[in-house]
Amino acid sequence: MIAKIGNGESATKYEQKVTVKAAPYDIYDEDYEAYLFCHFVGEGHGYEENGVKVATGEQMFFALADVGEGFKFKDMNGSTMGNLKPVLKSTVGEKGVRDPFICRSPEGDTFYLIATDLSVYNRGSWNNNNGASKFTITGSHSITLWESHDLVNWTDARLIEVAREDAGMAWAPEMIYNDETGEYVIFFSSTILNEERNSILERDCIYYTTTRDFVHFGETKKFLKNQPYPNGQEDPRKGQDSPNATNNNERKIIDASVMKIDDYYYCAAKDGDNHEENGGILIQRTKNLLDIDSWEKVMNLADAGFKAENNRNADNTCLEGPEWFHFNQADRANPDVDEIGLMADFYANTSVGYIPWKTTDIEDTNNSSGSWSRLSSSEFSWDNQTKRHGTILRITAAEAELLKEHFPISK
């Protein structure tokens, strides 16, 4: 690009190289033919180099369900459990990432990958930090962000601060584009601390901020409400992790995932800590995304009659990290009828990994219409590498080919 800047009789010629991005192109439902799974592996993997801990399992790994292979994933980048090779590494913050979420911009030309800025490995394990309690007081206020225009060339990781000043952490971030305001809504789990920042004042809940450019952010506010214990009861383990909390009569709520279907936004979240009764994988809906009072309960996943592994109820006592996704046309019973996927991480046994369900009607609350079903072992596979709290993106055949060129399928 050449520009001339003039003032009277004098003029200056200025030449600058610029890159002009290709115009965004429309992507339709039938264009999606494969899936990309972004995930981390776990906190038990790493090494020390010159006295510095390096987390290898708490980084970004990719798996691909290729065209024609249905919902069956293969690990990428030559990575195996015995030789971890993440696609992306965090060099910022705690130098480890967990709980990723990936989305495509509404224009279709940009991908955003966000994740929790946390390395349990570098912090010395859960057990050395009073379980998760210390982490929810001393956690990062930022999340980690990568950006890409093609899924293979990514910006360097950078931190974006999202939590309130008095928060204890920012965990399990996800986001959704609000087409009514033209903003991305980034939501995540936080605790709120006392003035001394040594005790939890408000137990885990979901908060949000907004952005148009991932540089400037709106005020952080509460996104969802905690659900009360029945009959005014309090946390049966009150005093162990949040003795001074003002909301001990409410269950924790974490790991929110949101998708829009027609006029409604549907949220799935883990309602209740591992030990808390009456919780579950809670599904709520609203027409007004940022009106905290407008959310209404649809169902708990267990209401549909499902069990998890080992005959355990499909609830908060063994499941976390629920994630929505759409199935591609080729993988639906009827290509013309949308099928929604909901998977949850069976944290009670990491060798199990994610359990996936599907439905053609989220509001078939007791499955009386048979719209909900759990995928059989012949309908999906995660390959050999452990997949913890991950995210699934539908992609095109061309995008799948490009990914394989840069991050070959592991042998």
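Atoms considered below: every heavy atom in the structure, side chains included; atoms not considered: hydrogens, waters and symmetry mates.
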Checklist entry - Within a strict 4.5 Å, meaning less than it, do heavy atoms of the P322 and D255 side chains meet? => result yes

Checklist entry - So F37 and H39, would you call those rings parallel, tilted or perpendicular, with 30° and 60° as cut-offs? => result perpendicular

Checklist entry - For the residue pair F214 and Y184, does the interplanar ring angle fall in the parallel (under 30°), tilted (30 to 60°) or perpendicular (over 60°) class? => result tilted

Item to check | Worked verdict on R251 versus E277 for salt bridge (Lys or Arg N to Asp or Glu O under 4.0 Å) | outcome: CA-CA 9 Å; R251 292 189 296 271; E277 298 179 356; over 6 Å; no

Checklist entry - Taking it one step at a time, do K287 and E296 satisfy salt bridge (Lys or Arg N to Asp or Glu O under 4.0 Å)? => result CA-CA 10 Å; K287 289 184 177 180; E296 56 186 4; over 6 Å; no

Checklist entry - Should we say atom CG of D156 is surrounded by more than 12 heavy atoms from elsewhere, each under 6.0 Å from it? => result no

Item to check | Stepwise ring pair (Phe, Tyr, Trp, His ring centres under 6.0 Å) check, F135 with W126 | outcome: CA-CA 9 Å; F135 296 164; W126 294 111; 4.9 Å; yes

Checklist entry - Under the salt bridge (charged side-chain N to carboxylate O under 4.0 Å, His left out) test, which residues partner R332, sequence neighbours left out? => result D29, D338

Item to check | Pairing of R158 and E147 as salt bridge, 4.0 angstrom limit | outcome: yes

Next on the checklist: If we ignore hydrogens and angles and just use 3.5 Å, is the side chain of D75 paired with the main-chain N or O of S410 as donor and acceptor?
Outcome noted: no

Checklist entry - Is there side-chain contact between L301 and L342, with at least one heavy-atom pair below 4.5 Å? => result yes

Item to check | Carboxylate-amine/guanidinium proximity below 4.0 Å for K270 and E276 | outcome: no

Item to check | Step-by-step side chain to side chain contact (heavy atoms under 4.5 Å, CB included) determination, M343 to L375 | outcome: CA-CA 10 Å; M343 61 181 192; L375 270 66; over 6 Å; no

Checklist entry - Taking atom types as modelled, is there a side-chain donor on T360 or E339 under 3.5 Å from an acceptor on the other? => result no

Item to check | SB check R285 E363 (cutoff 4.0 Å) | outcome: yes

Checklist entry - Looking just at side-chain N and O atoms, do D109 and S105 make a donor-acceptor pair shorter than 3.5 Å? => result yes

Item to check | Step-by-step ring pair (Phe, Tyr, Trp, His ring centres under 6.0 Å) determination, W357 to F306 | outcome: CA-CA 9 Å; W357 288 269; F306 292 120; 5.8 Å; yes

Checklist outcome for this item: dist T144:OG1 -> Q59:CD (nearest 0.5 Å) comes out at 9.0 Å

Checklist entry - Rounded to the nearest 0.5 Å, how far does OH of Y112 lie from SG of C103? => result 8.0 Å

Checklist entry - Measuring from I392:CD1 to E323:CD, what's the distance to the nearest 0.5 Å? => result 8.5 Å

Checklist entry - When rounded to the nearest 0.5 angstrom, what distance separates OG in S189 from CD1 in I254? => result 5.5 Å

Next on the checklist: Treating D273 as the side-chain partner and H275 as the backbone partner, does any N or O pair qualify as donor plus acceptor under 3.5 Å?
Outcome noted: no

Checklist entry - Would a 4.5 Å heavy-atom cut-off, applied to side chains only, mark F223 and V258 as touching? => result yes

Next on the checklist: Strictly distance-based, threshold 3.5 Å: is any side-chain N or O of Y347 a donor or acceptor partner for the main-chain N or O of T317?
Outcome noted: yes

Item to check | Worked check of ring pair (Phe, Tyr, Trp, His ring centres under 6.0 Å) between F71 and F325 | outcome: CA-CA 12 Å; F71 205 61; F325 59 93; 5.0 Å; yes

Checklist entry - Can you tell me how far the CG atom of L290 sits from the CD atom of E180, to the nearest 0.5 Å? => result 8.5 Å

Checklist outcome for this item: R388 meets the salt bridge (charged side-chain N to carboxylate O under 4.0 Å, His left out) criterion, sequence neighbours left out, with E43, D345

Item to check | Flag side-chain contact, heavy atom, 4.5 Å: L113 against L88 | outcome: yes

Next on the checklist: For Y121, is there any backbone N or O sitting under 3.5 Å from a side-chain donor or acceptor partner on E58?
Outcome noted: yes

Checklist entry - When you look at D166 and R197, which way does the salt bridge (Lys or Arg N to Asp or Glu O under 4.0 Å) test go after all the steps? => result CA-CA 7 Å; D166 56 354; R197 299 190 59 79; over 6 Å; no

Next on the checklist: Could you check whether K222 makes a cation-pi contact with Y208, meaning its NZ or CZ is under 6.0 Å from the centre of the six-membered ring and within 45° of the ring axis?
Outcome noted: no

Next on the checklist: Using salt bridge (Lys or Arg N to Asp or Glu O under 4.0 Å), reason through E69 and K72 one step at a time and then give a plain yes or no.
Outcome noted: CA-CA 6 Å; E69 295 183 357; K72 299 181 178 181; over 6 Å; no

Item to check | S371-D361 side chain donor-acceptor pair, cut-off 3.5 Å | outcome: no

Checklist entry - Are more than 12 heavy atoms from other residues, nucleotides or ligands located less than 6.0 Å from atom NZ of K89? => result no

Checklist entry - Does the pair E219/R164 count as a salt bridge with the N-to-O cut at 4.0 Å? => result no

Next on the checklist: Check whether N366 reaches the backbone of S368 with its side chain - one donor and one acceptor, N or O, closer than 3.5 Å.
Outcome noted: yes

Item to check | Ring-face cation contact, Y35 with R394, 6.0 Å cut, 45° max | outcome: no

Checklist entry - What distance do E401 atom CD and I395 atom CD1 have between them, rounded to the nearest 0.5 Å? => result 9.5 Å

Next on the checklist: Using side chain to side chain contact (heavy atoms under 4.5 Å, CB included), reason through N178 and L289 one step at a time and then give a plain yes or no.
Outcome noted: CA-CA 8 Å; N178 187 344; L289 183 62; 4.2 Å; yes

Checklist entry - Mind checking whether W324 and Y266 have parallel, tilted or perpendicular rings, split at 30° and 60°? => result perpendicular

Checklist entry - Short question: side chain of N77, backbone of F407 - any donor-acceptor pair under 3.5 Å? => result no

Checklist entry - Between N288 and W295, is a side chain to side chain contact (heavy atoms under 4.5 Å, CB included) present by the stated rule, with each step listed? => result CA-CA 8 Å; N288 303 300; W295 289 97; over 6 Å; no

Next on the checklist: Would you say that I186 contacts F217 through its side chain, given a criterion of any heavy-atom pair below 4.5 Å between the two side chains?
Outcome noted: yes

Checklist entry - Between I192 and I200, does a side chain to side chain contact (heavy atoms under 4.5 Å, CB included) hold up when you go through it step by step? => result CA-CA 6 Å; I192 302 301; I200 294 172; over 6 Å; no

Checklist entry - Would the number of heavy atoms belonging to other residues, nucleotides or ligands and lying under 6.0 Å from CD of E165 be above 12? => result no

Item to check | K252 bridged to D204 by N-O distance under 4.0 Å | outcome: yes

Checklist entry - Is the closest side-chain heavy-atom distance between V162 and Y207 below 4.5 Å? => result no

Item to check | E195, CD: over 12 other non-hydrogen atoms inside 6.0 angstrom | outcome: no

Next on the checklist: With a 3.5 Å distance limit and no angle check, can you tell me whether T56 reaches the backbone of L84 through a side-chain donor-acceptor pair?
Outcome noted: no

Item to check | CA sep, side-chain torsions, deciding dist, call: D150, N153, side chain to side chain donor-acceptor pair (under 3.5 Å) | outcome: CA-CA 6 Å; D150 57 10; N153 296 290; 2.7 Å; yes

Item to check | Name of the residue among I102, L151, L403 meeting side chain to side chain contact (heavy atoms under 4.5 Å, CB included) with F62 | outcome: L403

Item to check | Parallel, tilted or perpendicular: rings of F380 and W382 (30°, 60°) | outcome: tilted

